[in-house]
Amino acid sequence: FRPQGGELVAKVARDADFDLQVLASIEAGHTAPQQVELRYRLADGRHGRYAMTKVGTALPGRDVAQEFRYLFPNLTEDVWFDVVGGDDRLRNLRLHVVERPRILQSEVEVQYPSYLQRQNQKIPFRGRVALPEGCHTVFHIVANKPLQAVTVHDPAEQRQVAVTRDQENPSGFAFPLRVGSADRVLLISLQDHDGVENREPYRLVISGLADEPPEVRLHIPGMGTALTPQARIPWAGEITDEYGTVEIWYELQIDDGPLLRSRPAIQPAGRLVFRQLEALDLAELDTTHHRTAASSPALENSGDTPGQVPAEHAVTLRPGQKLALGVVARDAYDLQDAPHVGVSRRWLFDVVTASELRALLEKRELALRQRFEALYEKMVSIQELLERIDTTAGAATQQTPQRTIDRDQLRIGGALQNVTQLAYETAGVSAAFRDLVTELVNNRVDTEELKNRLLAGIAAPLQELGEVQMPILAERIQELQAAHADRSGLPAAQARALAEAELVVAAMRRVLERMLELESYNELVELLRGIVREHGQVQEQTKQERREKLRRLLEED
């Protein structure tokens, strides 16, 4: 208690308890009173009295005073009181309720890492703030009242953070902090000039946002597992990074050679948050350095010192080699020695000649033709199934047995399900033929005649079948199903379904004939390839015989 305006005042935080201790002297012949009372009054005029609790029994010669205690619980308003014991009285005591110190305003001044290329800024926050890793920050906090002491404790490091008091505003303070990649919790304790503290330390959570490597989500449409040395590789997908990529390149490996890095596929002046790669022309691919110290067999005769790499070296692919290819992207992260890179999956290709690639595609084409033959036979079966529907008029108990009606219902339902599935599978065969054409184009072994045969002669009619004609047939079968259910107009509905089925069968037969024509064309091409191979073998054999004859003549001389 401190004197203040004729009263003895003790300041108490709102909603806090106050434990009052009174000592009654038993020295110099004084006798402790048997009871001590509190006589109180409140601001609204209410008043009363409480007996204080005697703590133990004080003995002269051993103790100097008898202790009495009383607990004022959960104070929310001022209390004036007197303490009365025996013939003595303490007057004009007051418990003055004051607010606890609390945080009114808080903002963080952020200096971002240089690689983020962001302007410094001030961010208001409450309790939690999320910032990128590597930020240098200064937290500015203002309380609701002047402060006497501030403590900022870091439990993880078991240390106190250095705090700077605001010279112009006694309610404000600041402290610096560098943001790491993990979350961090600070405990802030405030004490005002009355010695009142906040009930529990304020928790300040700083979430460090770790920089993630770029995401490389790519795939290669229109390419198989084999390619020609002059192929053009298309990319689909995207390369993304939260703060942008700064460099993208290819990594490749030929056979069992070292892993090579191409010159940058993309190295923009600015920064890319999203980029879809352009097609890669293998004929123009070159490397700038190796990922390994060993020299590549392709560079052994380049005149460079083993283990070193020339500034730029063109990559030449030859049939018979294997090529492993991937895409790598790097962002601007520079807070550690190792850069942040994202790597795509690695694609493995066999390098083949144009003739070998055509032969591989012809095998796939043959498999597609066999698959379509099975679809054609399935469609003929559907047509036959529709022909066997009994169109006899009348109810089940009169002219048509119930078992016949049930059987036909199953036939119609099965036909509808099969046609729906057939449309999906036919569209899939069409897409597969288009993929063949795309692969021919990407490998630069296509011809206009071959593209017309595959696209106009096969893929387009198949697409028409799967997306137009077969769905129309499914509608006709649904009409037949409805007519069969109420036994009205059944012959006409069956005739319409059969007519549409005949159109589909005829269209499928025409496509199949074109496939067979193309197969004959491919057989002729293969025959020509065989003739060329045999001619080459004969030429090589003739050269060998000439060399042997010349060697024998030289030996005889």
Side-chain angles (χ1 to χ4, degrees), residues 101-143 147 149-166 172-191 197-217 238-248 271-275 291 326-345:
R102 66 179 187 277
I103 294 176
L104 283 182
Q105 300 174 10
S106 53
E107 68 177 8
V108 57
E109 184 178 354
V110 184
Q111 179 182 350
Y112 292 99
S114 59
Y115 83 91
L116 293 182
Q117 296 182 0
R118 284 188 176 183
Q119 294 292 329
N120 299 342
Q121 60 177 326
K122 292 184 177 180
I123 304 173
F125 71 93
R126 295 192 65 179
R128 176 184 291 270
V129 61
L131 296 170
E133 171 190 5
C135 286
H136 291 275
T137 63
V138 178
F139 288 84
H140 297 274
I141 296 177
V142 178
L147 300 174
V150 177
T151 302
V152 179
H153 180 65
D154 186 341
E157 298 183 2
Q158 288 297 308
R159 69 179 184 89
Q160 307 294 347
V161 178
V163 175
T164 302
R165 302 296 301 276
D166 191 334
F173 61 95
F175 57 90
L177 195 71
R178 188 179 187 277
V179 179
S181 58
D183 287 359
R184 195 170 180 179
V185 178
L186 300 180
L187 303 179
I188 302 176
S189 299
L190 309 176
Q191 185 183 71
E197 299 181 350
N198 46 323
R199 186 184 297 274
E200 297 290 341
Y202 285 97
R203 288 171 55 88
L204 171 57
V205 181
I206 301 99
S207 296
L209 304 178
D211 185 271
E212 298 295 335
E215 290 190 41
V216 184
R217 300 183 295 269
E238 62 186 34
I239 299 173
T240 57
D241 186 83
E242 185 176 6
Y243 305 117
T245 58
V246 296
E247 190 178 22
I248 301 171
R271 184 168 299 188
L272 297 173
V273 176
F274 167 84
R275 177 71 186 217
R291 285 280 303 278
V327 179
V328 184
R330 178 180 67 85
D331 62 18
Y333 181 81
D334 60 1
L335 300 182
Q336 298 179 7
D337 294 337
H340 277 187
V341 296
V343 184
S344 72
R345 55 162 288 195

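Only heavy atoms go into these numbers, but all of them, side chains included; no hydrogens, no water, no symmetry mates.
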Could you state the interatomic distance from [atom1] ([X]) to [atom2] ([Y]), rounded to the nearest 0.5 Å?
X	Y	atom1	atom2	value
L335	D211	CG	CG	7.5 Å
D154	L204	CG	CG	10.5 Å
F139	I123	CZ	CD1	9.5 Å
R178	C135	CZ	SG	9.0 Å
E109	Q111	CD	CD	8.5 Å
L209	E242	CG	CD	7.0 Å

Practice item. Applying salt bridge (charged side-chain N to carboxylate O under 4.0 Å, His left out), run through R184 and E157 and close with a yes or a no. Key: CA-CA 10 Å; R184 195 170 180 179; E157 298 183 2; 3.7 Å; yes
N/O donor-acceptor pair under 3.5 Å between [X] side chain and [Y] backbone:
X	Y	result
S181	A210	no
T245	R330	no
H136	V110	no
T137	V108	no
N198	L190	yes

Is there a side-chain contact between [X] and [Y] (heavy atoms, below 4.5 Å)?
X	Y	result
V179	L177	no
Y112	Q117	no
Q105	R126	no
P101	L147	yes
V343	V216	no
H140	V138	yes
F175	I141	yes

Review point. Is the Y115 ring parallel, tilted or perpendicular to the Y243 ring (thresholds 30°, 60°)?
Key: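 Perpendicular: the ring planes of Y115 and Y243 meet at over 60°.
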Nearest heavy-atom neighbours spanning [X] and [Y]:
X	Y	value
R128	D183	NH1-OD2, 4.4 Å
Q191	E197	NE2-OE2, 3.1 Å
G342	P213	N-CB, 4.3 Å
S114	D334	OG-OD2, 4.0 Å
D331	E212	OD2-O, 3.4 Å
L187	R203	CD2-CG, 3.7 Å

**Study point:** Check against side-chain contact (heavy atoms from CB on, under 4.5 Å), Q121 and E107
**Key:** CA-CA 10 Å; Q121 60 177 326; E107 68 177 8; over 6 Å; no
**Study point:** Atom CD of Q158: over 12 foreign heavy atoms under 6.0 Å
**Key:**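 More than 12 within 6.0 Å, yes.
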Review point. For I188 and T151, what are the C-alpha separation, side-chain angles and deciding distance, and is it a side-chain contact (heavy atoms from CB on, under 4.5 Å)?
Key: CA-CA 6 Å; I188 302 176; T151 302; over 6 Å; no
Exercise for review: Cation-pi check, R165 to F173: give yes when NZ or CZ is under 6.0 Å from the six-membered ring centre and within 45° of the ring axis, no otherwise.
Suggested key: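 No; the conditions do not both hold, so R165 does not lie above the ring face of F173.
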Exercise for review: Under the side-chain contact (heavy atoms from CB on, under 4.5 Å) rule, what do I248 and I239 come out as? Steps first, then yes or no, please.
Suggested key: CA-CA 9 Å; I248 301 171; I239 299 173; 3.9 Å; yes
Practice item. Go through the steps to decide whether R217 and T240 satisfy the test side-chain contact (heavy atoms from CB on, under 4.5 Å), and finish with yes or no. Key: CA-CA 8 Å; R217 300 183 295 269; T240 57; 3.4 Å; yes
